[in-house]
**Student:** 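Input: one structure, supplied below.
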There are 2 protein chains.
Amino acid sequence: MTVASTPPVTGPPVTGPPVSLRERKKLATRLLLRRAALELVAERGLANVTVEDIAEAAEVSPRTFFNYFASKEAVLFGGDSDRAAALRAAIVSAVPGQPARDALRLVLTQDSEAMASELRSLGGDPAEWVRRMKVARTDPHVRAAHAAQMSMIERAIAEGLAARLGADQETDPYPGILAAASVSMVRACLTFWAGSGGAIPLGQVIDQAFKTLADGFPEDSDLRRITANVTTATTAANRKDTH
Amino acid sequence: MTVASTPPVTGPPVTGPPVSLRERKKLATRLLLRRAALELVAERGLANVTVEDIAEAAEVSPRTFFNYFASKEAVLFGGDSDRAAALRAAIVSAVPGQPARDALRLVLTQDSEAMASELRSLGGDPAEWVRRMKVARTDPHVRAAHAAQMSMIERAIAEGLAARLGADQETDPYPGILAAASVSMVRACLTFWAGSGGAIPLGQVIDQAFKTLADGFPEDSDLRRITANVTTATTAANRKDTH
DNA sequence: GCTCTTTGTTGCACGCACTGCAATCATGCC
DNA sequence: GGCATGATTGCAGTGCGTGCAACAAAGAGC
């Protein structure tokens, strides 16, 4: 018998799209719900979109919506339940020996790329999606929901930092404060990135933001020229491609 | 006739507590609702407290609750509707000539003291309130609600920073990112402060946090020894009794 | 092809948050 | 006391979110 013919004993292969019809259908409806939600919220604002609207647009029952997302807001953001735990672990073990602040920079920059590619996986015109993101970001309701969502991530990151530093969060405010500042910065970068129409790669914005953080937020930070640099230096950046 | 006998034409005097019975009653129920809410949430967690519970504890109808607070969460935090606008204005005009980052430090440190004294105005044993705050902060639901609340403040601060710097938020991410990091730090400081039992003055924690920010978050920041400094210096602080 | 099990979908009923409206009640002013 | 103002309340209604049980579709075994 060939190796290829032996079926895996531990379920479907770890990589690649799920082959089962069941799984594919689930992914499809998940995607449909997301697209419908972003579309509608960009049109009317979160307050004027009901779960029933979203479900109807995706051609499922309202009850099914809640089988996929825990809340009306959750459909707008990456609802990965274990992303927090993954980030926590990554922070503990990333680039040992380096300062926690720099490890955080690396981990969050990489994570942001995963986020962006996940957004791309929604399919359709990327520019169109960024436009919708931009509209959605101006909605205060959406902003608040996003901040609330990120507070979960923040907690996990604070734990990761404390573990890495061997610190006790009860007596050492450093992990909690650094986590709060960092996560919030990432959120602000997302907003800016969406507002810029996705012109600058998200990872680049976040990396620059962390550099500015490490420099103590000087007013003449390179971060402030990031738009100008991109518009004038896009081709140059493509040529040298520092990473 | 004396000057004192002439009634003001523009309503009650700007300073001092409202004298009208109506106003006093309103303030009283507002306080009652707050106390009841904090008490109950500290006991059972936000998810296990209904608006009806809070209203009943404060001896008003549930409907009246919403005449005072816009949401179940709003009762837990300082619901100042115009605090955002005040902060925005303060940031624009504070310590002209200084870097925006330092102006922010000053404004937010001062604002935190106002917050703390407002908390003190709830009456009763301060230590008891801090204990309740601490319990409340461990509730993820409460944390999320607070983050959402702060996102409004964040927006106002970003606007203030942009105005001060003459920057355009569409092309310059600096104001938005600095605002996000700063507001989130303040939130984390509040959490830490509550968790510490109010041992360290809130303003001091926030000021140290901003110093750490300006230094680029070094791992050997003084911020990390803030608890040790206080525990050894508590008696000294009590002796001089700065207030 | 056919059952049988597993898993996803849906409808139903319920609790709770929140809002607009109109009636009622207390306060302030004369 | 009598009137104007404004706060309190009940009521009806919308929408979010959840547990439960019936139903339908997919996979496994034959």
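In what follows, chains carry the letters A, B, and so on, assigned in the order in which the sequence lines appear, proteins first and then strands, with residues in each chain numbered from 1.
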**Student:** What I'd like to find out is whether the side chain of A/L108 reaches to under 4.5 Å of the side chain of A/I157, using heavy atoms alone.
**Tutor:**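 Yes, side chains in contact.
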**Student:** In whole Å, what is the span from the CD1 atom of B/I54 to the C1' atom of C/dC16?
**Tutor:**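 Going from CD1 in B/I54 over to C1' in C/dC16 covers 12 Å.
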**Student:** Just wondering, do A/V51 and A/F69 contact through their side chains at under 4.5 Å, heavy atoms?
**Tutor:** no
**Student:** Any side-chain N or O of A/Y68 under 4.0 Å from OP1/OP2 of C/dG8?
**Tutor:** no
**Student:** Let me know the distance between CD of B/E56 and P of D/dG10, rounded to the nearest Å.
**Tutor:**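 Atom CD in B/E56 sits about 12 Å away from atom P in D/dG10.
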**Student:** In whole angstrom, give the distance that lies between atom CG of B/N48 and atom P of D/dT18.
**Tutor:** 14 Å
**Student:** D/dT8 C1' sits how many Å from B/L33 CG, rounded?
**Tutor:** 12 Å
**Student:** Rounding to a whole Å, what distance do you find between B/R30:CZ and D/dT8:C1'?
**Tutor:** 16 Å
**Student:** Can the positive tip of A/K72 be found less than 6.0 Å from the middle of the six-membered ring of A/F66, inside 45° of the ring normal?
**Tutor:**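 Checked: cation-pi criterion not met.
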**Student:** Considering just the side-chain nitrogens and oxygens of A/K72, establish if one lies under 4.0 Å of OP1 or OP2 belonging to D/dG17.
**Tutor:**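 Indeed not, no polar side-chain atom of A/K72 lies that close.
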**Student:** Could you work out, with side-chain contact (heavy atoms from CB on, under 4.5 Å) as the rule, every residue matching B/R22, not counting sequence neighbours?
**Tutor:**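 With neighbours one apart ignored, the set is B/S20.
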**Student:** Take atom CG of A/L46 and atom P of C/dC18, then tell me their distance rounded to the nearest Å.
**Tutor:** 14 Å
**Student:** I want to confirm an ordering. Mapping A/K26 and B/E73 to their closest nucleotides on DNA chain C, which one lands closer to the 5' end?
**Tutor:**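 Its nucleotide being nearer the 5' end, the pick is A/K26.
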**Student:** So, using side-chain contact (heavy atoms from CB on, under 4.5 Å) as the criterion, who are the partners of A/S61 when residues are at least two apart?
**Tutor:** A/R63, A/T64
**Student:** Do the charged groups of A/R187 and B/E154 touch, with an N to O distance under 4.0 Å?
**Tutor:** yes
**Student:** Run the side-chain contact (heavy atoms from CB on, under 4.5 Å) test against A/T191 and tell me which residues pass, sequence neighbours left out.
**Tutor:** A/R137, A/R143
**Student:** Can you list, by residue number, the residues of residues 57-67 of chain B that have a non-hydrogen atom closer than 4.0 angstrom to DNA chain C?
**Tutor:** B/R63, B/F66
**Student:** Passes side-chain contact (heavy atoms from CB on, under 4.5 Å), A/H141 versus A/E73? Steps please.
**Tutor:** CA-CA 9 Å; A/H141 200 320; A/E73 287 78 21; 3.7 Å; yes
**Student:** When you check every protein heavy atom under 4.0 Å of nucleotides 23-30 of chain C, what one-letter string (B, S, -) results, 5' to 3'?
**Tutor:** ---BBS--
**Student:** Would you give me the side-chain donor-acceptor pairs under 3.5 Å for residues 84-94 of chain B, sequence neighbours excluded?
**Tutor:**
{"from": "B/R88", "atom 1": "NE", "to": "B/E159", "atom 2": "OE1", "distance (Å)": "3.2"}
{"from": "B/S93", "atom 1": "OG", "to": "B/A89", "atom 2": "O", "distance (Å)": "3.2"}

